[in-house]
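In the text below, chain A, chain B and the rest are named by the order of the sequence lines, each starting its count at 1.
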Amino acid sequence: MLCFKAVVELIKMEFNHQSIEAKWRTQWVEKQTYKVSNDAQGKPKFYVLDMFPYPSGAGLHVGHPLGYIASDIYARYKRLEGFNVLHPMGFDAFGLPAEEYALQTGIHPAKSTNDNIKQYRAQLANLGFSFDWSREVVTCEPKYYKWTQWIFTQLYANYFDQASNKAESIASLEETFSKDGNATVKAANSYTEVFTAAQWNSMTALEKQDVLSHYRLAFRQVGYVNWCEALGTVLANDQVIDGVSERGGHPVEQKAMTQWYLRITAYADRLLYGLDNLEWSDALKAMQSNWIGRSEGASVFFDVEGSDEKVEVFTTRPDTIYGATYMVLAPEHDLVKKLCTADQKEAVEAYIKGVKSRTEIERMAEKQVSGAFIGAYAINPFTEKKMPIWIGEYVLAGYGTGAIMAVPSDDDRDHSFATKFGLDIIDVVDKSKYPNATNADKVGVMINSGPLNGLEVKEAITEACRQIESRNIGKAKVNYKMRDANFGRQRYWGEPFPVTYSADGIVSMLPKEALPLTLPDTTDFKPGGEGKSPLSRIASFAQLENGVTRETDTMPAVAGSSWYFLRYMDPHNEEAFASESALKYWQDVDLYVGGAEHAVSHLLYSRFWHKFLFDKGYVPTEEPFKKLINQGMIQGVIESIYLLREKKDGDYHFMCAKMIEKMGIEDAVPMPVHVSFVSDYGTAQSHLNIAGLKSFIKWRPIYGDAYFECDKGTLHKGRWIAKEDAEDSFLLTKSEVGKMSKRYYNVINPDEVIAEHGADVFRMYEMFLGPIEQSKPWDINSISGVSKFLKKYWTLFFSEEKFQLSDEDPTKEELKIFHGTVKKVRQDIERFSFNTCVSAFMECVNNLRKLNCNKRAILEPLNILLAPFAPFVTEEIWKELGHTDSVHISAYPQFEEKYLIEDSISYPICINGKKRALHDFPADTSKQDLEKQALALEVVKEWTEGKDIKKIIVVPNKMINIVVVG
RNA sequence: GCCCUGGUGGUGGAAUUGGUAGACACGCAGGACUUAAAAUCCUGUGACCUUUGGGUCGUGCGGGUUCAAGUCCCGCCCGGGGCACCA
C-alpha cells in the first residue's frame, strides 16, 4: 500500500496548472513581488510599457495579451538581469463605445466602464503579468484627468516660437506685441495681417483674443464634422459607412462647427527630425514621416480676371508653372461662392451637394475624376494666359491652400482631369533622357517654359521660386500634409474642457486650483441640439452666473493617452502630474510595446505633448519612447452569411456562399454573424448547421421568418425542408481574415483557453504562434504542442516518481545542451524573437529527456531561464527545489562559450551552388586543407570528372562550393 | 487612390550578416502499450521521378545580379493595417 506521502508525490507528477496558478497569483499579490519603488537602491532603471487597453464590453480578447506577454517576458528578464523595472498597467477609459452603449441601455458610461475594467483586471491577473498594480492609472478618473485638463490649459497659455524653436508663453508674446507689434515675431501661427504696437494696444480685449488665438497651441477654429440630421448627432468616421450612418443608414453631411484644435503643425519639423534618434522600425518611422508629409515648394498667388480676389496655391513643382493651364479649388473653398458665375451656379451647387455626402477617404480613393467649371478665369502670371477655374473633389480643403494650379503634363491626376474635361495640356518637361522616370521622380529638362528652358528640373525649381519671389507673387514655402489636431468632441464621455466664456465672448481657463472640472452626472446621454454635446443640456454645468457659459464639448480619447506613461512614474501625486524626482529617475520609456494600428495618431500626439512638456521644463527628455516594438495583430475570422437583395414570398432570403458563387449572384449582402454560431470556424468548410441558424435567429429575431437556403435544403420558420434526405443544414459562410473586434462578432476570449490549458501554456503558445511583429489569424489547433512541452518539462524534475534531483556533475553533452539554450534564449529575447525562444526550450527539453538528465546543476538554472516565459510553473518548481524566495528575483543564467566549442564541423559540399555531399572536418582544419580534402572526396570526384575546376569557395564554418565548367 | 507591411510543405512558422530551405510544433500515416478508448511513446511525412545509389523541381508571379538568392535589384499579383472623430 502506498503511504500518504507517496500518493502526494504521484499526484504531483501529474502537473496541475489550476491549483498552482491560483496559489501563486495570491502569493505574488500578498508579498508584493512586483511592486517597484522610485528609489534606485543602486540598480539601473528600466521602463517597460504596454499600450493600455480601452476596456471594451467584449472583454479582453486573445489579441490583447500578445504584446503584454512579450513585454512581460522582457520586463521579467530585465528584472532578473538586475534592473529596477517599472512595468505598469492602466486603462484608456474614455471613449465612444461606452457612450453608445449608454444610449442603447441607459447604463451610465462610468458604470459600464468600471465593470469592464474589473473584468479586464481579472483577465489580466489570470495571465500572470508582473504589473505593479499599485501604479494603475484610469483616464476617466477625476484625479487623473485633472492633469489632462491642466496640460490643456498650458497648451492654451503657450505659442510656438520659431526663433527659439520651442514653446514660449503667450504672456511674453503679448509683451512683444505691445512693444513691437507682430512684424518681428517668428511664430507658428495662422494670422495673416501685420500690425504695429500702436494698433495692438488700441485693440479691444476681444480683438486681442482673436489675434492671440491664431498663435496659441490650443485654439478654436471652424472644422467639419459628420453631421447626421436624422439622428440629430455628430458621428465618428467609424460610424459612417458608404456616406450614410451605420445605425439606420441615414444620410450624413459635412457640417462646419467651431471647435478646439491643437497646433501640432507647429512641432512638425521637430516631430520629423526627432525620429532619427529613436530605436523604432524604419517602417514606423516612414509612416510617421509620411503622415507629417513635409514638402518644399512655393505658394503662388494668381490674379482672377475681373476680380480683386487672388487664388493662393501651394505647389511642389513651381518649375512647371508654364504648363499650368487651369486651376482647381476644393469644393469647400471660400472663393467658390464669390467667383462662381450665374450661369454655372446651378451645376456648381449640384456638384457640391454630391461631394458633401462623401467622406474624405472616399474622395481620395475615387478613381474617376469629377469636377465642375465655376465660370471664372485666373491669369497665369508667366504665360499670361487665361486659366479656367474648376472645382474638383480630388483637391482637399485641408491640404495646402485647398487650391492647386493644374499641370496636366506633369501630374497624373491633373492629366486625367484635363483629358476628361478637354482642357489644354502643354508639355513642359522633356523626360526623354530618363526613359523609366515617373512624374514623381522630378527629373527632366524644361521646355516651352520661357527663361526656364534647358534647365534640369531641380535647378528649375530653385529658379522658378526666385522669379516668383522677385515678381512678388508668392514665395518659397515648406508645406506639411499633417493638419492641426481637432480636439473637440460633441460627446458626453470625455474630459470636460476647463473653459468658460463670458457673456461678451472672452475665453477663460480654470486655474490649477479649480481643477479637476468634473464631468457632471446625468441619466440622459442624447446629444444636445444642433450638434452640441449632451453637456449643453445640463444647465447647472453649462450656464453659470452673469451669462458666463462653459464649453460643452469634451476632449477626444487621445487626450488621456497622450501622457499616461508619465503618470505611472508617480501616480498618486496631487501637486503635479508627476514629481520632478520621479521624472528625473524614470526619465522615459525604454521599451514600448503596442499595436501598429496606433503607429501614427497616438504615437504622434504623445510625442507632441511630450515635446511641449519638455519645452516648458516639466519632463527631462525630448522624446517619450526610446525603443518601440509593434506587435502584429491577432486577427479573427469574420464569418458572414449572404442576404439576397430580393425577398422570397415576402420573407428575407439567405443563401449559402457556395450557391451564391455558383449562380453568379453579385449583389448579395454579406452580413457578419457571431462566430460562436459557426461550425468549423476559420476553415474553408465554415458553415451554419440548423443549431447555428437557430442561434442566429435568436440573436437577430428580425430574421425569424427568413429562408436559409443551402444545397442540402432550406430552413424556414423553424422547419427543415431537406433536399435528398440531408439531415442537417450546411450553409457555407464567407470567411475573411480581419480585425478581431466586437463589431465583427468574432472576439475570442482567452479565459476558456487559460482554464483548460493554464496561463503558462497560453503565454508560451501566443509567443510560439510566430514573430511578435507579424499579424496572424488566431488558431487554437496547435496549442497541444506547448502543453505537452510543459508537461515534459515538469517531469524532468522527477525521478523514481518523486520530485527529486541528482547532485551529480553534469556531462559535457548536458552542459553543451544547456549553455547552447542559454545563448540562444538570451540572444532571441534581446531581438524580441520569442517564438524561437520557445522552440529552443522545446529542443532543450527533448534533448535532456533523451539523456535522462535529472541533474540539479542543469535543471535549476534552466528553471530560471524559463521563468519569464512560464512564471507559474517555474515558481512552483523553485519552491519544490527548496528555495524560500521567488524565482523571479533570482539571477538570469549566463552562458559560457567553452561548453559550446565543437570538435568537428559538418560542411555541405556544393558543386556550382548545389549541395552534393555533407562531410565532417575537424574544426581547426585550415582553408587550404579544406579545399584539398574536399576535392579528394569520392562524391566530389564523381561530379567534377572531366570538368574544369574554376574556383573553390570556402566559407569557414559554413560551406564549401566548387565551381566547375564543362 | 496614397502610405506601411506580409506572401516559404496540408497548417503555424525556422533560416539573425547572400552560404545546407523547411528547425520547432500542429496535422496526417504507420507502429508499440491497452479488452477498448484516451493519454503516452516510437517511426515516417515538400512535390515528382527512381534501377532505392540517388536524381529533378521547389520560398506568390515574371525578369535580373552573383560561384551562391527565401534573403539583393526591376516589374507585376494577392492578403493585412493605417488614412486624421473606433480605440
Side-chain angles (χ1 to χ4, degrees), chain A residues 51 53-56 92 94-97 100 223 225-226 234-240 264 281-287 289-291 293 360-367 394 398 412-413 436 481-491 556-558 561 595-602 604-605 630 632-633 635 736-739 741-743 765 768-771 773-777 779 781-786 788-789 791 827-828 831 833 835-836 838-843 846 906-915 917-918 950-953 955 957-964:
Chain A
M51 287 183 187
Y54 173 78
S56 139
D92 188 12
F94 274 131
L96 193 54
E100 290 291 307
V225 295
N226 302 311
V234 172
L235 296 174
N237 284 344
D238 209 42
Q239 298 173 303
V240 182
I264 188 172
S281 70
D282 290 340
L284 191 62
K285 288 183 183 181
M287 270 190 264
S289 124
N290 290 333
W291 179 275
E360 205 166 276
I361 291 180
E362 286 175 315
R363 285 175 58 177
M364 286 187 294
E366 183 59 69
K367 284 183 199 169
Y394 77 104
D412 299 340
R413 287 220 148 183
N436 294 320
K481 207 177 277 167
M482 181 168 68
R483 311 198 286 258
D484 284 328
N486 181 327
F487 203 63
R489 299 290 182 271
Q490 296 71 36
R491 288 285 176 173
V558 77
S561 62
E597 66 273 23
H598 300 286
V600 178
S601 52
H602 159 63
L604 206 59
Y605 290 127
N630 271 139
M633 213 176 253
Q635 293 156 321
E736 295 166 282
V737 168
K739 239 179 167 173
S741 156
K742 202 178 167 186
R743 70 185 305 162
Y765 181 58
F768 190 57
L769 275 176
E773 301 207 68
Q774 201 169 295
S775 290
K776 52 237 152 191
D779 168 31
N781 291 324
S782 48
I783 197 167
S784 58
V786 177
K788 269 188 235 169
F789 156 76
K791 280 181 195 152
Q827 280 177 354
D828 286 359
R831 66 185 181 107
S833 175
N835 55 330
T836 51
V838 178
S839 300
F841 281 119
M842 286 174 169
E843 279 189 271
N846 288 344
S906 176
Y907 276 92
I909 295 162
C910 308
I911 314 291
N912 288 345
K914 270 199 177 118
K915 188 178 79 174
L918 207 57
K950 266 187 89 180
K951 211 195 246 180
I952 303 176
I953 292 144
V955 184
N957 301 330
K958 290 270 186 201
M959 50 84 68
I960 298 166
N961 189 19
I962 299 161
V963 186
V964 297

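Note on S784(A): only backbone sugar-phosphate atoms sit closer than 4.0 angstrom, heavy atoms only; bases stay farther off. Residue contacts for K915(A): at a heavy-atom cut-off of 4.0 Å it reaches a base atom on one of the strands shown. Counting non-hydrogen atoms under 4.0 angstrom, V225(A) reaches a base of the nucleic acid. L918(A) comes within contact range of at least one nucleobase, with a heavy-atom separation under 4.0 Å. Residue-level contact check: A557(A) touches the backbone only, with heavy atoms under 4.0 Å from sugar-phosphate atoms and none from bases. If you check every strand for non-hydrogen atoms under 4.0 Å, M842(A) touches sugar and phosphate atoms only.
Base orientation of G80(B): anti (glycosidic angle beyond 90° from 0). Base orientation of G9(B): syn, the glycosidic angle falling within 90° of 0.
Annotation: ring-ring contact (aromatic ring centres under 6.0 Å, His included) contacts of F841(A) (sequence neighbours excluded): F869(A). Residues passing the salt bridge (charged side-chain N to carboxylate O under 4.0 Å, His left out) test with D92(A), sequence neighbours excluded: none. Under the side chain to side chain donor-acceptor pair (under 3.5 Å) criterion, S281(A) pairs with no residue at all, not counting sequence neighbours. Evaluation of the salt bridge (charged side-chain N to carboxylate O under 4.0 Å, His left out) rule for D779(A) yields no partner, not counting sequence neighbours. Residues passing the side chain to side chain contact (heavy atoms under 4.5 Å, CB included) test with K951(A) are I953(A), V963(A), sequence neighbours excluded. The side chain to side chain donor-acceptor pair (under 3.5 Å) search around Y605(A) returns none, not counting sequence neighbours. In this view, A557(A) satisfies the side chain to side chain contact (heavy atoms under 4.5 Å, CB included) rule with no residue, not counting sequence neighbours. Listed by chain and number, the residues in a salt bridge (charged side-chain N to carboxylate O under 4.0 Å, His left out) with R489(A) amount to none (sequence neighbours excluded).
Closest to the L96(A) side chain, of the nucleotides C83(B), C86(B), C24(B), is C86(B). Nearest nucleotide to the side chain of E843(A), out of G1(B), A68(B), C24(B): C24(B). With distances taken from any side-chain atom of A286(A) to the nucleotides A15(B), C4(B), A84(B), the minimum falls on C4(B). When distances run from any side-chain atom of N226(A) to the nucleotides C85(B), C83(B), A14(B), the shortest one goes to C85(B). Here U16(B) is the nucleotide among G13(B), U16(B), A87(B) with the atom lying nearest to any side-chain atom of Q827(A). Minimum atom distance to the side chain of N961(A) is reached by G19(B), of the listed C85(B), C24(B), G19(B).
Annotation for Y765(A) and N781(A): closest pair OH-N, 4.1 Å, computed over non-hydrogen atoms. Minimum interatomic distance between K958(A) and P908(A) (heavy atoms only, all atoms of both residues): O-CD, 3.1 Å. L284(A) approaches A599(A) most closely through the heavy-atom pair CD1-CB, 3.0 Å. V600(A) and W291(A) get closest at one heavy-atom pair: CG1-CD2, 3.0 Å. Across all their heavy atoms, R413(A) and Y394(A) have their closest contact at NH1-CB, 3.0 Å. When every heavy atom of F94(A) is checked against every heavy atom of Y54(A), the shortest pair comes out as O-CE1, 3.6 Å.
Within the structure, a side-chain polar atom (N or O) of N835(A) is placed less than 4.0 Å from OP1 or OP2 of A14(B).
A donor and an acceptor atom sit less than 3.5 Å apart, one in the side chain of Q490(A) and one in the base of C85(B).
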Sugar-phosphate means primed atoms, P, OP1 and OP2; the rest is base. With that split, encode nucleotides 47-53 of chain B 5' to 3' as B, S or - using protein heavy atoms under 4.0 Å.
-------
Once Watson-Crick and G-U wobble pairs under 3.5 Å are found, how is RNA chain B written in dot-bracket notation, 5' to 3', with | for any base paired to another strand?
(((((((..(((......[....)))((((((.......))))))((((....))))..(((((..]....))))))))))))....
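Here, G46(B) and G9(B) have their C1' atoms 4 Å apart, quoted to the whole Å.
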Filtered N/O pairs between nucleotides 7-12 of chain B and protein, under 3.5 Å:
from   : atom 1 : to      : atom 2 : distance (Å)
G12(B) : O2'    : L769(A) : O      : 2.6

For nucleotides 78-81 of chain B, print each protein N/O atom paired with a nucleotide N/O atom at under 3.5 Å, atom names and distance only.
from   : atom 1 : to      : atom 2 : distance (Å)
G80(B) : OP1    : V737(A) : O      : 3.4
G80(B) : O2'    : Q635(A) : NE2    : 2.6
G81(B) : OP1    : K739(A) : N      : 3.3

